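In what follows, a single structure is set out as structure tokens and then discussed.
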Amino acid sequence: MSTASDEKTRQAPAGERVADWADGRLGIYGAAKGMVRKVFPDHWSFMLGEIALWSFVVIILTGVYLTLFFHPSMNEVVYDGSYVPMQGVRMTEAYASTLDISFDVRGGLLIRQIHHWAALIFVAAMFVHMMRVFFTGAFRKPREINWVFGFLLFVLALFTGLTGYSLPDDLLSGTGVRFAQGAILSTPIVGTYISMFLFGGEFPGHDIVARFYSIHILLLPGIMLGLVVAHLILVFYHKHTQFAGPGKTNNNVVGAPFLPIYMAKAGGFFFLVFGVIAIISAIATINPVWAIGPYRPDLVSTGAQPDWYLGFSEGLIRVMPGWELNFWGHTLVLGVFIPLMIFPLVLVALAVYPFIESWVTGDKREHHILDRPRNVPTRTGFGVAWLTLYFILLIGGGNDIWATHFHLSINTITWFIRIAFFVGPVVAFVVTKRICLGLQRRDAEKVLHGRESGVIKRLPHGEFVEVHQPLDQGALHTLTAHEQYKPAELGPTVDENGVERKTSPVEKVRVKLSKGYYGEGNQIPKPTAEEYKEITSGHGHH
């Protein structure tokens, strides 16, 4: 028979004692308990961010493997590897090691291709994920900082890709570096100094591959990893956004707990993403450096194109007229410098948009319910206009490919892009707003009259009508849960004493923008409860 003294002297298992020791000093149990019970909503669009995350993990894993065999040196050697067409050719150690990885390292070519494809999918997933966040308004308070983190991740991914595909020192990547160097040289006053510092002398120098290597595997990934961690921490801290629906409010989250359900789904999704990338890499060749040859400054690769995410910047330069200004013995190459300035300005406009919209609406509340894009036609119009501009310039960046494949004049394509640069976004904005307003009207009709059933009924007096089925309460809530802002007003121009009230120009601009966002013709009024009751009670309808 045991006694109380025996129970006091009995020790807990070793694992439990270690856990208690750690929890007493680090508070792990309390933090972990809240984390594992964190609720995440379920919607297919939320997987876009996961694709970006798991692609980044694949990039890190394959990148570590590639660093074991790559030699970031521009010292020249004579190739004597297993790829016969290149034997006896002088090339840099960087290019030679890339050939060795492709042909002599077991699984090296597959890992190279997985790394490159994962990088493309990573940027594409981030791009689409950011557009999902933009169109649904997930960037609103308190998530503005997380939007900025995501934007910085996107920009850093662009530069990481640039430094990455420049490392093999093949003719295509060398042409891209030469293109970048020309853009740097167009910078007034300091362009030459920046180029000399970056390349360690005259182009191409002997240091650029080693410098790009350090930037590509250490600096940029380290910053990106920190931003990813900060991004995920803020997602946990702010709780996840969710689409409107029954039982969903700004004060709760409807979904599954992080452990075990969400974590099991996310873990399976990682292997799915990894598997799809591996299959694509196994059947679709990308960046075949052995077919292009080593870089030579006196040669340019035919049909040289950057990866898709940098086609925007190249398109700006290709379609820009070759304007130059000459003064005091110096030449300012506007044909390169102006696109070099437009590119970051367009990106910055996207980065600061959440703060602009918050200022226009004057809304300081927290938002955890997502918008349907149709219910915010002005924001949706801006987003589609930005995408239109992006893809127009992407076509401009490949104007030579379009010309050769479709047997068109490259001058015709260039002039088309120049005109579309100004006209395309405006047309896209107007058309998108009209489509959004039309969808709002259709939603209002559904709320008031129900869903079309396809059943035709003949009334006693001979008229044929279609029978409408009323929506359930969940559908009604989804279609009417969105907010409708009222445009800001300047108020009376004089005070109660008849003295003219001064209004700042900034406030006048804000009021005009507010009317442009939410004024007449920018949103369709939601059906009211009284209208719904009148319609459903049988007055004024069949």
Side-chain angles (χ1 to χ4, degrees), residues 35-36 38 40-70 98 101-103 105-133 149-150 153-154 156-165 167-168 216-218 220-233 235-236 240 256-289 307-309:
M35 182 178 297
V36 299
K38 195 78 172 178
F40 281 82
D42 195 14
H43 192 270
W44 67 266
S45 65
F46 299 152
M47 292 192 299
L48 298 171
E50 290 189 44
I51 294 175
L53 175 63
W54 299 135
S55 300
F56 183 68
V57 173
V58 173
I59 292 170
I60 297 297
L61 295 175
T62 54
V64 170
Y65 182 83
L66 294 175
T67 57
L68 302 177
F69 306 99
F70 182 73
T98 305
I101 291 172
S102 302
F103 297 105
V105 175
R106 186 178 297 274
L109 180 57
L110 179 61
I111 298 299
R112 265 196 66 227
Q113 301 236 134
I114 290 176
H115 189 72
H116 201 142
W117 273 113
L120 295 180
I121 293 173
F122 172 58
V123 180
M126 274 202 301
F127 186 84
V128 180
H129 174 62
M130 288 186 67
M131 289 298 99
R132 195 277 300 174
V133 171
F149 284 170
L153 272 169
F154 180 72
L156 289 174
L158 302 185
F159 287 101
T160 306
L162 172 64
T163 56
Y165 72 65
L167 292 180
H216 181 72
I217 72 166
L218 290 176
L220 295 180
I223 299 173
M224 292 176 68
L225 187 60
L227 287 173
V228 167
V229 172
H231 187 79
L232 294 177
I233 289 174
V235 169
F236 270 84
H240 207 291
F258 181 70
L259 278 177
I261 298 176
Y262 185 82
M263 196 61 188
K265 288 183 178 180
F269 196 51
F270 163 71
F271 290 105
L272 181 62
V273 171
F274 203 157
V276 170
I277 294 175
I279 292 173
I280 294 174
S281 304
I283 64 177
T285 301
I286 190 171
N287 197 21
V289 296
D307 283 339
W308 71 269
Y309 46 83

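Position 1 is the first residue of the sequence; numbering continues from there. Just so you know, these numbers come straight off a predicted model, no measurement behind them.
- Heavy atoms only, all atoms of each residue included: R112 and S102 are closest at NH1-OG, 2.9 Å.
- Among residue pairs with one or both ends in residues 270-288, none qualify as side chain to side chain donor-acceptor pair (under 3.5 Å); sequence neighbours excluded.
- A pairwise comparison of heavy atoms in H216 and P221 identifies O-CG, 2.8 Å as the closest pair.
- Atom OG1 in T160 sits 8.0 Å away from atom CZ in F56 (nearest 0.5 Å).
- Considering all non-hydrogen atoms of both residues, Y309 and L162 come closest at OH-N, 4.4 Å.
- In terms of the ring-ring contact (aromatic ring centres under 6.0 Å, His included) criterion, residue partners of H240 (sequence neighbours excluded) are, by chain and number, F40, F46.
- Nearest heavy-atom pair, A119 versus I59, reported as atom, atom and distance to 0.1 Å: CA-CD1, 3.5 Å.
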Under 3.5 Å, which donor-acceptor pairs do the side chains of residues 259-273 form with other protein atoms, sequence neighbours left out?
from	atom 1	to	atom 2	distance (Å)
Y262	OH	E50	OE2	2.9
K265	NZ	D42	OD2	3.3

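- Between I114 atom CD1 and I279 atom CD1 the span is 10.5 Å, to the nearest 0.5 Å.
- By the side chain to side chain contact (heavy atoms under 4.5 Å, CB included) test, Y65 is found to be paired with F69, V105, I111, residues two or more places apart in sequence or in another chain being considered.
- To the nearest 0.5 Å, atom CD1 of residue I277 and atom CH2 of residue W117 are 10.5 Å apart.
- Looking at Q113, its side chain does come within 3.5 Å of a backbone N or O of I286 through a donor-acceptor pair.
- Atoms CG and CG, from L225 and L156 in turn, are 12.0 Å apart once rounded to the nearest 0.5 Å.
- Within the structure, the salt bridge (Lys or Arg N to Asp or Glu O under 4.0 Å) test picks out no pair touching residues 116-130 (sequence neighbours left out).
- Here the closest non-hydrogen pair linking V289 and P168 is CG1-CB, 4.0 Å.
- Side-chain contact between F103 and L109 is absent, with no heavy-atom pair separated by less than 4.5 Å.
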Derivation and outcome, side-chain contact (heavy atoms from CB on, under 4.5 Å), residues W308 and V123: CA-CA 9 Å; W308 71 269; V123 180; 3.9 Å; yes

From CA spacing to verdict: side-chain contact (heavy atoms from CB on, under 4.5 Å), F127, F154: CA-CA 7 Å; F127 186 84; F154 180 72; 3.7 Å; yes

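- Of the inter-residue distances, the one linking H116 atom NE2 with L120 atom CG reads 4.5 Å to the nearest 0.5 angstrom.
- To the nearest 0.5 Å, atoms CD1 (I217) and CD1 (I60) are separated by 10.5 Å.
- Residue pairs that meet the salt bridge (Lys or Arg N to Asp or Glu O under 4.0 Å) test with at least one member in residues 116-130, sequence neighbours left out, do not exist here.
- Nearest approach of A125 to A52, heavy atoms of both residues: CB-N, 3.6 Å.
- Side chains of L153 and H129 form no contact here, defined as non-hydrogen atoms less than 4.5 Å apart.
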